2 protein chains.
Amino acid sequence: MNSREPEPSLNACLPKPPLGERELLTAMQAGELVALFKTLANDTRLRMLHALVRAGEMCVSEMSDLLAMKPQAISNQLTRLADRGIVGSRRNGNNIYYRIVDPCVIEILDHGLCLSEEAKARSK
Amino acid sequence: MNSREPEPSLNACLPKPPLGERELLTAMQAGELVALFKTLANDTRLRMLHALVRAGEMCVSEMSDLLAMKPQAISNQLTRLADRGIVGSRRNGNNIYYRIVDPCVIEILDHGLCLSEEAKARSK
DNA sequence: ATATTAATACATTGAATAGTGTATTTCAAG
DNA sequence: CTTGAAATACACTATTCAATGTATTAATAT
């Protein structure tokens, strides 16, 4: 529950080349992007990530308790997130503490949360 | 292939309440957000959306040709996108032209593309 | 009316994936 | 060394979902 973040890094994104003039997405580019969105397209992972944003770092059991899910499920998803380079870990005795290492994710999560609220308001 | 967009609307997003202090995501909030990301977590839909950003509007057959996919597949995904309120359509004779009606999607697509490039550079 | 093209509806199939249960690894305490 | 807790590895199941094939609807032209 400690709140020690490494600074949210307000704009981790480059100056922006205009999207409308980019070449049509290649299969590979689309693939990369899909991988990112897929990682975020899961409600367990989203809640885990948000918990990490709030707490700074957490171990599996803490998260398991907080989200009321089995440790295996949490561990599975953490592994996925780690494979994507989104979270990192540090061991302390029996516990392994995870933290977000990719600041972009925080950004896009924030952005997406905002958008989803608006989108919901508009589309229904 | 005409390029007539209704202005990308540079910031469709509100002033930003700080993410780290928000309450833990409820299952419903997470669900909304997941729905958004799921919609974007598909390479066909991403390429379709980008094509739409570039062209302004396209009909199924045009898109089918451009992306080298069967019309049914394109139509399927357009239906999904329409159900989510992301695209809208307009009929002109035999052809039905689709366009993006949710400016947020352009934003997050742009953002995501940028991030995925950086993330790729970092994580591998 | 008939033929033709565009798009969609619907059922089916195959692939990806999240959660579970079981077993195993890793560390700390006694 | 043994015990117990935390985390992971692995196999398995159920579900979700994209693409396909077939059939149908909608509009235009002859």
Side-chain angles (χ1 to χ4, degrees), chain A residues 1 25 27 30-52 55 57-99, chain B residues 1 25 27 30-52 55 57-99:
Chain A
M1 289 282 183
L25 289 179
E32 299 287 339
L33 197 43
V34 166
L36 172 64
F37 286 132
K38 260 191 186 153
T39 305
L40 298 175
N42 173 276
D43 101 301
T44 298
R45 282 193 294 269
L46 282 188
R47 288 161 64 219
M48 289 170 59
L49 287 174
H50 188 214
L52 282 179
E57 65 177 8
M58 298 182 82
C59 61
V60 177
S61 49
E62 284 174 342
M63 226 182 271
S64 164
D65 290 343
L66 181 61
L67 303 185
M69 300 195 60
K70 309 222 167 183
Q72 303 101 303
I74 299 295
S75 179
N76 281 344
Q77 301 308 337
L78 282 172
T79 300
R80 249 188 162 62
L81 291 173
D83 286 347
R84 288 273 166 235
I86 291 177
V87 302
S89 63
R90 149 184 101 81
R91 175 152 222 152
N92 184 8
N94 268 337
N95 299 322
I96 300 182
Y97 288 91
Y98 285 86
R99 69 191 179 285
Chain B
M1 291 281 185
L25 289 179
E32 300 287 340
L33 197 42
V34 165
L36 171 64
F37 286 132
K38 260 191 186 152
T39 305
L40 298 176
N42 173 276
D43 99 303
T44 298
R45 282 193 293 270
L46 281 188
R47 288 160 66 219
M48 289 170 58
L49 286 174
H50 188 214
L52 282 179
E57 65 177 9
M58 299 182 81
C59 61
V60 176
S61 49
E62 284 173 341
M63 225 183 273
S64 165
D65 290 344
L66 181 62
L67 303 185
M69 300 194 60
K70 308 221 168 184
Q72 303 102 304
I74 299 296
S75 180
N76 280 344
Q77 301 307 337
L78 282 172
T79 300
R80 247 184 162 64
L81 292 173
D83 286 346
R84 287 273 167 235
I86 292 177
V87 302
S89 62
R90 146 186 101 80
R91 177 152 222 153
N92 184 6
N94 267 339
N95 300 321
I96 299 182
Y97 288 91
Y98 284 87
R99 69 191 179 284

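A quick note: this is a predicted structure, and the numbers were derived from the prediction, not measured. Each chain gets a letter, A, B and so on, in the order its sequence line appears, and its residues count up from 1. Note that these values count all heavy atoms, side chains included, but never hydrogens, waters or copies made by symmetry.
Contact annotation: B:Lys70 reaches the phosphate of D:dG21 (side-chain N/O to OP1 or OP2, under 4.0 Å).
To the nearest angstrom, C1' of D:dT16 lies 19 Å from CZ of B:Phe37. Taking atom CE on A:Met58 and atom C1' on D:dA7, their separation rounds to 15 Å, with Å as the unit. Atom C1' of nucleotide D:dC17 and atom CZ of B:Arg84 are separated by 13 Å, given to the nearest angstrom. Going from atom CZ of A:Arg90 over to atom P of C:dC27 covers 15 Å, rounded to whole Å.
Pairing each heavy atom of B:Tyr97 with each of B:Cys59, the nearest pair is CD2-N, 3.6 Å. Across B:Ala51 and B:Leu66, no two heavy atoms sit closer than the pair CB-CD2, 4.0 Å. Contact between B:Leu81 and B:Arg45 at its shortest, heavy atoms only, is CD2-CD, 3.8 Å.
Between the CZ atom in B:Arg80 and the CE atom in B:Met48 there is a gap of 11.5 Å [rounded to 0.5 Å]. Of the inter-residue distances, the one linking B:Asp65 atom CG with B:Met63 atom CE reads 11.0 Å to the nearest 0.5 angstrom. Here the straight-line distance linking atom CG of B:Leu67 with atom CE of B:Met58 works out to 7.0 Å at 0.5 Å rounding.
Under the side-chain contact (heavy atoms from CB on, under 4.5 Å) test applied with B:Val34, the options A:Leu40, A:Asp43, A:Thr44 reduce to a single match, A:Asp43.
Scanning for side chain to side chain contact (heavy atoms under 4.5 Å, CB included) contacts around B:Arg91 gives B:Ile96, with sequence neighbours left out.
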Which letters describe nucleotides 4-16 of chain C, given B = protein heavy atom under 4.0 Å from base, S = only from sugar-phosphate, - = neither?
-BSSBB-------
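Listed in residue order, the members of residues 41-51 of chain B having a heavy atom less than 4.0 Å from DNA chain D are B:Asn42, B:Thr44, B:Arg45.
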